[in-house]
S.K.: 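Pasting in a structure now, in structure tokens, and then I'll have a few things to ask.
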Amino acid sequence: MTANTESLNKPEALRSLKWEENALLMLDQRLLPEETVFLRLTTPEQVWEGIRELKVRGAPAIGISAAYGVVLGVLQFAGNTRELAAEAIKQAEYLATSRPTAVNLFWALDRMKARATALAAEGASTSEAIDALLEEAKRIHSEDEETNRLIGEHALTLFEDGMGVLTHCNAGGLATSKYGTALAPFYLALEEGIRLKVFADETRPVLQGARLTAFELQQAGVDVTLICDNMAGHVMSKGWVQAVIVGTDRVAANGDVANKIGTYGVAVLAKAHNIPFYVACPLSTIDLSTPTGDDIPIEERHPDEVSRGFGKRTAPEGVAIYNPAFDVTPNELVTAIITEKGIVRAPYSDSLKKLFSAE
Ligand code: MRU
């Protein structure tokens, strides 16, 4: 299903998602950095497709989108509240099939399902329940912004003026409601006059680092240098990188971290150069019900992303292609995990659990 498009050339266009007049405005990230186009989505199917096709991407942003997708599925609902709750749950289960790895998607949908169930139990009217579900989606959206700012404040304590910091993929404002997770400290550093030199890996095959991270940091005035993925080791060997920070799509109970393909290689390189490797994420990305990284479902995407990602064919027709979208960095390579509740270190099976018991 195609959605209406609307070009908005406003300064706030960098926000990946907006709710406006009973529709979800989704920035089509596939078109960046060349075009800033917001899609006006009015059905759960359009939201599902938006997530699946990477129009929106990044763990928190897909969770927020899906929450609004549930609202779109019940906005015109005419039955009673029990039937509305059943419909909301059905839509949530459908939206959960859009992508498998980022646990924020399931976390946000579980929140919407729980709210719908509670509203039915409370005997709310249908229109009260629709309003309340929209409020819940908006809360998921606005809480993410507050959370990211806190992550940024904690992360910034690990950095000093003049440091070089390398990041992989895009865990910035575009992947979230604002600030991002791994990129949040760069925005706060800018506010506080702390000079950091950021190296952004281009992030093959979809180039989230080149198209999105380099773009949003450059727009904000952060000192960013784009490098190809295969240059990270060289840049580290030059002594230009004092820390690595990345986001994540799911942290297992033992501290193994799934993130964009290539992250594991960066972590190995960081270890070889004695550089700390930090992971920044909200608690909603930590999944204590997934014991280890081996249990995290890794999405495989279409071979065309590798062989003809941006139009031109870059590999022979018919060649075998393996295209996993994520990899797992084992916990022993992770120096610390930075959350809105603070910074935790190994042993992660204890420290991650404590984050939740302190909630
Ligand atoms: O395939 P993508 O672009 O959705 O992958 C995104 C990432 O791997 C991000 O690093 C991760 O979601 C963290 S976003 C704050």
Side-chain angles (χ1 to χ4, degrees), residues 16-17 26-30 32 50-66 98-108 141 143-145 147-152 155 166-187 200-213 215-217 229 244-251 257-267 277-287 293 296-302 305-306 309 323-329 334 337-340:
S16 50
L17 298 162
M26 179 182 281
L27 176 61
D28 190 343
Q29 299 191 28
R30 297 169 313 169
L32 290 172
I51 296 171
R52 178 76 206 145
E53 300 302 323
L54 308 185
K55 295 172 188 174
V56 66
R57 30 65 53 204
I62 66 178
I64 297 163
S65 304
S98 53
R99 289 189 80 188
T101 305
V103 76
N104 304 62
L105 174 67
F106 312 107
W107 170 88
H141 196 171
E143 283 171 11
D144 185 62
E145 182 174 330
T147 297
N148 295 337
R149 186 147 182 119
L150 288 169
I151 290 172
L166 185 139
T167 190
H168 188 77
C169 193
N170 173 263
L174 290 164
T176 63
S177 57
K178 197 180 174 187
Y179 301 114
T181 54
L183 302 195
F186 304 151
Y187 292 117
D201 282 350
E202 67 171 349
T203 318
R204 281 277 291 155
V206 184
L207 305 188
Q208 289 94 334
R211 295 186 303 103
L212 309 176
T213 298
F215 174 67
E216 65 165 272
L217 293 181
D229 295 344
V244 172
I245 187 165
V246 295
T248 164
D249 292 82
R250 192 184 303 217
V251 179
V257 168
N259 192 45
K260 179 52 54 194
I261 190 73
T263 303
Y264 170 49
V266 174
F277 178 87
Y278 300 121
V279 174
C281 69
L283 262 59
S284 51
T285 308
I286 299 169
D287 181 12
I296 299 176
I298 299 294
E299 177 182 10
E300 277 185 46
R301 293 192 63 85
H302 200 283
E305 286 184 353
V306 175
N323 184 20
F326 302 96
D327 59 26
V328 173
T329 299
V334 178
I337 299 178
I338 305 147
T339 75
E340 67 272 34

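Both counts, for ligands and for their atoms, begin at 1 and track the order of listing.
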S.K.: Among protein heavy atoms, which lies nearest atom 8 (O) of ligand 1, and at what distance?
M.R.: Asp249 OD1, 2.9 Å

S.K.: Have a look at ligand 1 and work out which part of Asn170, if any, has a heavy atom under 4.0 Å from it: side chain, backbone, both or neither.
M.R.: backbone

S.K.: Between Glu299 and Arg301, does any side-chain N to carboxylate O distance fall below 4.0 Å?
M.R.: yes

S.K.: Just by distance, do the side chain of His168 and the backbone of Val244 share a donor-acceptor pair under 3.5 Å?
M.R.: no

S.K.: State whether the shortest distance between N or O atoms of Gly58 and N or O atoms of ligand 1 falls below 3.5 angstrom.
M.R.: yes

S.K.: Which residue and atom name correspond to the protein heavy atom nearest atom 9 (C) of ligand 1, and how close is it?
M.R.: Asn259 OD1, 3.4 Å

S.K.: So for atom CZ, which belongs to Phe277, do other residues, nucleotides or ligands contribute more than 12 heavy atoms lying within a distance under 6.0 Å?
M.R.: yes

S.K.: Does a donor on one side chain sit under 3.5 Å from an acceptor on the other, for Thr285 and Asn104?
M.R.: yes

S.K.: Scan side-chain atoms only and decide if Arg57 and Gln29 contain a donor-acceptor pair under the 3.5 Å cut-off.
M.R.: yes

S.K.: Is ligand 1 under 4.0 Å from a heavy atom in the side chain of Thr248, in the backbone, in both, or in neither?
M.R.: backbone

S.K.: If we ignore angles and hydrogens, is there a donor and acceptor under 3.5 Å between the side chains of Glu300 and Asn323?
M.R.: no

S.K.: Looking only at heavy atoms, is any part of Lys260 under 4.0 Å from ligand 1, and if so is it the side chain, the backbone, or both, or is it neither?
M.R.: both

S.K.: Please state whether Ile62 comes within less than 4.0 angstrom of ligand 1, counting heavy atoms only.
M.R.: no

S.K.: Please state which part of Ala325 comes within less than 4.0 Å of ligand 1, counting heavy atoms only: side chain, backbone, both or neither.
M.R.: neither

S.K.: Going by distance alone, is a donor N or O of one side chain under 3.5 Å from an acceptor N or O of the other, for Asn170 and Glu216?
M.R.: yes

S.K.: Who's the nearest protein heavy-atom neighbour of atom 15 (C) of ligand 1, and how far?
M.R.: Thr181 OG1, 3.2 Å

S.K.: What protein heavy atom sits nearest atom 6 (C) of ligand 1, and how far off is it?
M.R.: Arg57 NH2, 3.6 Å

S.K.: Is any side-chain heavy atom of Leu27 closer than 4.5 Å to one of Leu32?
M.R.: yes

S.K.: Suppose I only count heavy atoms of Gln208 and a 4.0 Å limit; which atoms of ligand 1 are within that range?
M.R.: 1 (O), 2 (P), 3 (O)

S.K.: Work out whether the distance between some heavy atom of Ala102 and some atom of ligand 1 is less than 4.0 Å.
M.R.: no

S.K.: Testing Leu212, Leu54, Val306 one by one against Val206 for a side chain to side chain contact (heavy atoms under 4.5 Å, CB included), which residue passes?
M.R.: Leu54

S.K.: Under 4.0 Å from any heavy atom of Pro60, which atoms of ligand 1 are there?
M.R.: 14 (S), 15 (C)

S.K.: Do any nitrogen or oxygen atoms of Arg99 come within less than 3.5 Å of a nitrogen or oxygen of ligand 1?
M.R.: yes

S.K.: Relative to ligand 1, is Ala59 under 4.0 angstrom through side chain, backbone, both or neither, heavy atoms considered?
M.R.: both

S.K.: Do Asp287 and Arg250 sit within salt-bridge range, that is, some charged N less than 4.0 Å from a carboxylate O?
M.R.: yes

S.K.: With heavy atoms of Ala171 as the reference, note each atom of ligand 1 found under 4.0 Å away.
M.R.: 14 (S), 15 (C)

